Each structure stands twice: as structure tokens, then as C-alpha cells.
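Taking it in order: structure first as C-alpha cells, then the write-up.
To find a chain, count down the sequence lines: A is the first, B the second, and so on, and within it residues start at 1. Please read these numbers as outputs of a predicted model, since none were measured by experiment.
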There are 2 protein chains.
Amino acid sequence: MQFLRKNKMLIIYAVSLAILFLLLKLFEYKLLIIDHSFEIYAGTIALLFTLLGIWLSRKLFSPKKITTIIEKEKIVEKEVFIAGPQHFVLNQKAFEETDLSARELEVLSLIAKGLSNQEIASSLFVSVNTIKTHVTNLFYKLEVTRRTQAVEKAKKLSIIP
Amino acid sequence: MQFLRKNKMLIIYAVSLAILFLLLKLFEYKLLIIDHSFEIYAGTIALLFTLLGIWLSRKLFSPKKITTIIEKEKIVEKEVFIAGPQHFVLNQKAFEETDLSARELEVLSLIAKGLSNQEIASSLFVSVNTIKTHVTNLFYKLEVTRRTQAVEKAKKLSIIP
DNA sequence: TAAAAAATCACCCGAAAGTATGAGGCGTTT
DNA sequence: AAACGCCTCATACTTTCGGGTGATTTTTTA
């Protein structure tokens, strides 16, 4: 009896299969006289067993097993103060609050490296005027008026290393 | 082309089915001469399409649809490293190697704070020209040509915070 | 697909930064 | 005392920055 209970599902599947085959066997003879009966028969089997497969898989791979993998992680930021040689991690939150675009951040980090507008323009393959525009916009967003100030603020906000 | 991309999966299924039917059709003739060929054929179809069904369902009813209902939130603490209030210690050795004078260091640190020459001059009660001279000299000693570079280098050398 | 946001470029102008050069005062070092 | 380094200041000149305005193109988003 224990065996029966433990393998309940398996037995149901087996019986279902047997019944299906039986039904198909019955149809087999009735359909033999019809044109293309074989194709129809094969198609029926295909369809039925596809459905069976779908049903089977939904039973077997029940949500439980799937969900354990895709549990949503809720990230809680916890401030940890450390010292020593910092491997820089961009402060995403602060970065977003500044409203800086990716390009502006790029320019900003090059400014911090001590490059002139012309040098930045060359290294990014754009005109100096474009860099000037970026610089002006980024100054506005950081609320500063000089590149040294911009670097200062950006470092304080952990936007650049 | 967009149609192709959007219905990629559908097309794959259709092609797979077609190929399966083709294979089965080929086997059909070869197996006709064998005893119980029909049963074997039907069985093969059944098996293949069961597998197809399983595969199909796993693709179609992807975790997404199931999980939205049973989404679980898992709280994970993520350490976020924040530039803590670093207690700066001047690198005496590096400082001496630069040959910078005390006054020059003073000017340098004000430059790093984002002050203009005029502002530095005012805060040190000297003329702008004096500051310019200091700046020029300190650039020479640090082997740079721009204040942003000077700040970069000085920070790297731990001469300024 | 229309609207919004980014990225691109240009031109002008004034302010700031940077270069070069010279020079006077002041304390220490030889 | 002469030499040296440092701080101070000035003048003159060049280059770079930064502000303002306007426009086009590309990308993203609603």
C-alpha cells in the first residue's frame, strides 16, 4: 500500500498511457479504411502526446522547484567604512541623484585625470566644442563653476575614484 | 526582419515539428516490413511528442509567469563601501621628494579645494601674481602643466587629502 | 510613431589660467 | 659677505576655460 501511495503519480501516468494506447488501438481499426488514415492516426498520437508532455512537465517541474531559483533579492544597503587602498566602486545612488549622463561622467573622469578639453576631445573622437558643452552641462548638474571644483565634488560623492 | 525576430521561437517550433514529421516519414517505410512495426512507430511518435510537449511547456510557461504569483522576497544585506572620513596622513617622504615649499603646498591644497587663483590670493592675503608664481613653480616641481594634473598627482602621492 | 532626452557641433566673448622674465626683501648657509 | 632658497610682486603675452546662444542629429522612451 505504501508503494501505491508513493508512486501514485507514476501509476496514474502509466494507466493514462495504457488507456490512451487502448483508445488509439480501437480507433486504429476503424480508421484503417479511410484515406490518409495513417497520417491522421500519427497526427492524433502526436497531438495527444504533446499535450501529455505539457501536462507532465507542468506536474513534474512544479513551481516550487523553479521558484527557489528565482527568489527575488531585496538589496539592503549597509554602510561599511573601510580604510586602505580603495578599490573604487561607483556610488550609483549619488550618481543618479546628480542627473549626470554617461557621457558627462566620462568627460568628468577625464577632467579628473588632468586632461584639457582638447585632449578629452581627441581621446573621445569628438570636437572640442562638444566637450565644452558636456563640461558646461556637467558643471550645472554638479552646481560648480570650475573643473577643480567638479573633481572635488565628484570625488566626495564617490562618482569618480 | 522584425517579424522574424519577434516570432523566433514560434518558427523554431514549427521547423522542429516539420523535421520530426519528415524523420518519421522516412522511418515509416523502413519499418513497415518489420513485425509490430505499427506499434513501434506509434510508440516512437508518442515518445518523441511527449518529449516535445515537455520541452514546449518549459519554454512557454517559463518561470516568469509562474513566479509572479509566488514571488518571494529575500532580504540580502549587501555591503556598500562608502568612502569613510579618511584620516589623512601626509606622506612626508613623498612630500620631501617633490621639493615643494610649505607655501607651495598651501597653494596646492587650496587649488585642490577648487579655489581660483584670485580666491587663493585673497585667502592668503597676497596678490594674484604671487599665487601665479607659486603655481608655476609648483607645476614645475610636480612636472605638470595644469592644476587638475597637479591635484591628481598630489593625491596620488598622498601630499594632499 | 511622436515626443523627450542625449549627444553632437559652431561661434563669440570675456575671464581665468598659465608662461616668461625680472626684481626686491629676508633669513640661512657656507 | 656672497650665495642660495623662498616669498613676494609686477608686466606682458598666450592659451585655455567657461558662459551664452542656437542648431542638428541620434537615441530613448512613452
Side-chain angles (χ1 to χ4, degrees), chain A residues 90 92-155 159-160, chain B residues 1-6 90 92-155 159-160:
Chain A
L90 184 141
Q92 195 65 37
K93 205 177 159 192
F95 171 61
E96 279 161 16
E97 276 172 9
T98 59
D99 246 353
L100 285 175
S101 75
R103 197 58 155 174
E104 284 159 359
L105 176 62
E106 211 175 351
V107 172
L108 178 55
S109 70
L110 291 179
I111 286 178
K113 280 186 182 169
L115 303 201
S116 68
N117 287 340
Q118 182 54 65
E119 286 166 343
I120 295 170
S122 299
S123 85
L124 296 183
F125 304 105
V126 293
S127 97
V128 195
N129 294 310
T130 305
I131 298 303
K132 281 187 171 190
T133 307
H134 285 318
V135 170
T136 302
N137 292 334
L138 125 212
F139 281 1
Y140 172 75
K141 290 178 183 176
L142 287 178
E143 300 172 290
V144 297
T145 54
R146 272 186 287 281
R147 43 180 61 212
T148 43
Q149 285 179 344
V151 172
E152 238 277 293
K153 186 144 190 179
K155 292 214 178 200
I159 288 172
I160 54 171
Chain B
M1 283 309 275
Q2 271 199 326
F3 175 82
L4 284 179
R5 228 171 291 152
K6 281 190 177 175
L90 184 139
Q92 196 64 38
K93 202 180 162 191
F95 171 61
E96 278 161 16
E97 276 172 9
T98 58
D99 248 350
L100 284 175
S101 74
R103 198 58 156 173
E104 284 159 358
L105 177 62
E106 211 174 350
V107 172
L108 177 55
S109 69
L110 292 179
I111 287 177
K113 281 186 182 169
L115 303 202
S116 68
N117 285 341
Q118 183 53 65
E119 286 165 344
I120 295 170
S122 299
S123 84
L124 296 183
F125 304 104
V126 293
S127 100
V128 195
N129 294 310
T130 305
I131 298 304
K132 281 188 172 187
T133 307
H134 285 319
V135 170
T136 301
N137 292 334
L138 118 219
F139 281 0
Y140 172 75
K141 289 177 182 176
L142 287 177
E143 299 173 291
V144 296
T145 55
R146 269 185 289 282
R147 43 180 61 213
T148 44
Q149 284 179 345
V151 172
E152 239 279 292
K153 187 144 192 179
K155 292 215 178 199
I159 290 172
I160 53 171

What's the [atom1]-[atom2] distance between [X] and [N], to the nearest Å?
{"X": "B:Y140", "N": "D:dC6", "atom1": "OH", "atom2": "P", "answer": "12 Å"}
{"X": "A:I111", "N": "D:dC17", "atom1": "CD1", "atom2": "P", "answer": "9 Å"}
{"X": "A:N137", "N": "C:dA5", "atom1": "CG", "atom2": "P", "answer": "14 Å"}
{"X": "B:L138", "N": "D:dG5", "atom1": "CG", "atom2": "P", "answer": "18 Å"}
{"X": "A:F125", "N": "C:dT8", "atom1": "CZ", "atom2": "P", "answer": "13 Å"}
{"X": "A:I120", "N": "D:dT16", "atom1": "CD1", "atom2": "C1'", "answer": "12 Å"}
{"X": "B:I131", "N": "D:dT8", "atom1": "CD1", "atom2": "P", "answer": "7 Å"}

If an axis is fit to five pairs at each end of the helix from C:dT1-D:dA30 to C:dT30-D:dA1, what is the angle between the two, to the nearest 10°? 50°
Check whether any side-chain N or O of [X] sits under 4.0 Å from OP1 or OP2 of [N], and answer yes or no.
{"X": "B:N129", "N": "D:dA10", "result": "yes"}
{"X": "A:T130", "N": "C:dC9", "result": "yes"}
{"X": "A:T133", "N": "C:dA7", "result": "no"}

Test side-chain contact (heavy atoms from CB on, under 4.5 Å) applied to A:Q92 - qualifying residues, sequence neighbours left out: A:L90, A:F95, A:E96
Can you list every pair that meets salt bridge (charged side-chain N to carboxylate O under 4.0 Å, His left out) and has a residue in residues 105-115 of chain B, with sequence neighbours left out?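 Matches after skipping sequence neighbours: B:R103-B:E106.
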What residues from residues 98-110 of chain A pass a heavy-atom cutoff of under 4.0 Å to DNA chain D? none
Residues in side-chain hydrogen bond (donor to acceptor under 3.5 Å, both in side chains) with [X], at least two apart?
{"X": "A:S109", "answer": "none"}
{"X": "A:T130", "answer": "A:S127"}
{"X": "A:E97", "answer": "none"}

Looking across every strand, which nucleic acid part, if any, lies under 4.0 Å from B:T145 by heavy atom: base, sugar-phosphate, or nothing?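 Sugar-phosphate, backbone atoms only, no base.
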Kindly give the heavy-atom pair with the smallest separation between [X] and [Y], and that separation in Å.
{"X": "A:V128", "Y": "A:Q118", "result": "CG2-OE1, 2.8 Å"}
{"X": "A:R147", "Y": "A:I111", "result": "CB-CG2, 3.6 Å"}
{"X": "A:V151", "Y": "A:A112", "result": "CG2-CA, 3.6 Å"}
{"X": "B:S123", "Y": "B:L110", "result": "OG-CD1, 3.6 Å"}
{"X": "A:T98", "Y": "A:K141", "result": "O-CB, 3.5 Å"}
{"X": "B:A150", "Y": "B:L108", "result": "CB-CD1, 4.0 Å"}

Using a 4.0 Å heavy-atom cut-off to protein, can you give one letter per nucleotide of nucleotides 24-30 of chain D, 5' to 3': B if the base is in contact, S if only the sugar-phosphate is, - if neither? -------
Atom pairs under 3.5 Å, N or O on each side, protein against nucleotides 14-17 of chain C: can you list them with distances?
| from | atom 1 | to | atom 2 | distance (Å) |
| --- | --- | --- | --- | --- |
| C:dA17 | OP2 | B:N117 | N | 3.0 |

Salt bridge (Lys or Arg N to Asp or Glu O under 4.0 Å) filter on A:E143, not counting sequence neighbours, yields A:K153
Listed by chain and number, what are the salt bridge (Lys or Arg N to Asp or Glu O under 4.0 Å) partners of A:E119, not counting sequence neighbours? B:R146
Give the table of side-chain donor-acceptor pairs shorter than 3.5 Å for residues 131-138 of chain B, with sequence neighbours excluded, one pair per line with atom names and distance.
| from | atom 1 | to | atom 2 | distance (Å) |
| --- | --- | --- | --- | --- |
| B:T133 | OG1 | B:N129 | O | 2.9 |
| B:T136 | OG1 | B:K132 | O | 2.8 |
| B:N137 | ND2 | B:T133 | O | 3.3 |

